[in-house]
Amino acid sequence: MSLQAALDALGDPIRRRIVRELAQVPDWTRPCGTFNHLPVSKSTLSHHFSVLRNVGLLEQRDEGARRLNRLRRAEFDDRFPGLLTLVFAEPQAADS
């Protein structure tokens, strides 16, 4: 994955919010359906998850009818040290 792809993926405020929310919970405990509070349609939310998966920020697995998520923080930090720290430090108001 290139730095440009990582920056493009994190350039969207909804994707940054997804990443921040996943960072606050243990791996494999947050299903996609729990992000319905975000101000986007279900299909747009699915697209955001796809983008995050494609750049290696997110891993998903199906468990029954739910799709669970894991932020690949350690792997991403190894590749781009400090980038996620900046995302986590961003004020929440930037998502509006």
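We count residues from 1, following the sequence as given.
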With R73 via salt bridge (charged side-chain N to carboxylate O under 4.0 Å, His left out) - residues at least two apart: D77
Please list, chain by chain and in numerical order, all residues satisfying side-chain hydrogen bond (donor to acceptor under 3.5 Å, both in side chains) with T34, sequence neighbours excluded. R30
To the nearest 0.5 Å, how far apart are SG in C32 and CG in L45? 7.0 Å
Partners meeting side-chain contact (heavy atoms from CB on, under 4.5 Å) with T85 (sequence neighbours left out): none
Inter- and intrachain pairs under ring pair (Phe, Tyr, Trp, His ring centres under 6.0 Å), touching residues 5-35, at least two apart: F35-F49
Output the distance between atom CG (D78) and atom CZ (R72), rounded to the nearest 0.5 Å. 10.5 Å
The side-chain contact (heavy atoms from CB on, under 4.5 Å) partners of E63 (sequence neighbours excluded) come to R61, R66, L68
Partners meeting side-chain hydrogen bond (donor to acceptor under 3.5 Å, both in side chains) with R79 (sequence neighbours left out): none
Tell me, please, which residues at least two apart from S43 pass side-chain contact (heavy atoms from CB on, under 4.5 Å). S41
Hits for salt bridge (charged side-chain N to carboxylate O under 4.0 Å, His left out) against D8, two or more places apart or cross-chain, chain-then-number order -> none
So CG of N69 and CG of D27: to nearest 0.5 Å the spacing works out to 10.0 Å
V55-F88 co-clustered via ILVMFWY side chain contacts under 4.5 Å: yes
Between R15 and H47, is there a side-chain heavy-atom distance shorter than 4.5 Å? yes
Any side-chain heavy-atom pair from H48 and R17 closer than 4.5 angstrom? no
If you define the side chain from C-beta out and look only at heavy atoms, does anything of I14 sit under 4.5 Å from P39? yes
Single-linkage hydrophobic cluster L57~L3, side-chain heavy atoms < 4.5 angstrom: yes
Is there a path of hydrophobic side-chain contacts, each under 4.5 Å between heavy atoms of I, L, V, M, F, W or Y residues, that connects L22 with M1? yes
What residues, two or more places apart in sequence or in another chain, satisfy side-chain contact (heavy atoms from CB on, under 4.5 Å) together with L83? A6, L7, L10, F76, F80
In terms of hydrophobic clustering (I, L, V, M, F, W, Y; side-chain heavy atoms under 4.5 Å; direct or indirect links), are V51 and L58 co-clustered? no
What residues, two or more places apart in sequence or in another chain, satisfy side-chain hydrogen bond (donor to acceptor under 3.5 Å, both in side chains) together with D62? R67
With R70 via side-chain hydrogen bond (donor to acceptor under 3.5 Å, both in side chains) - residues at least two apart: E59, E75
Give me each pair satisfying salt bridge (Lys or Arg N to Asp or Glu O under 4.0 Å) with a member in residues 37-57, each pair once, sequence neighbours excluded. none
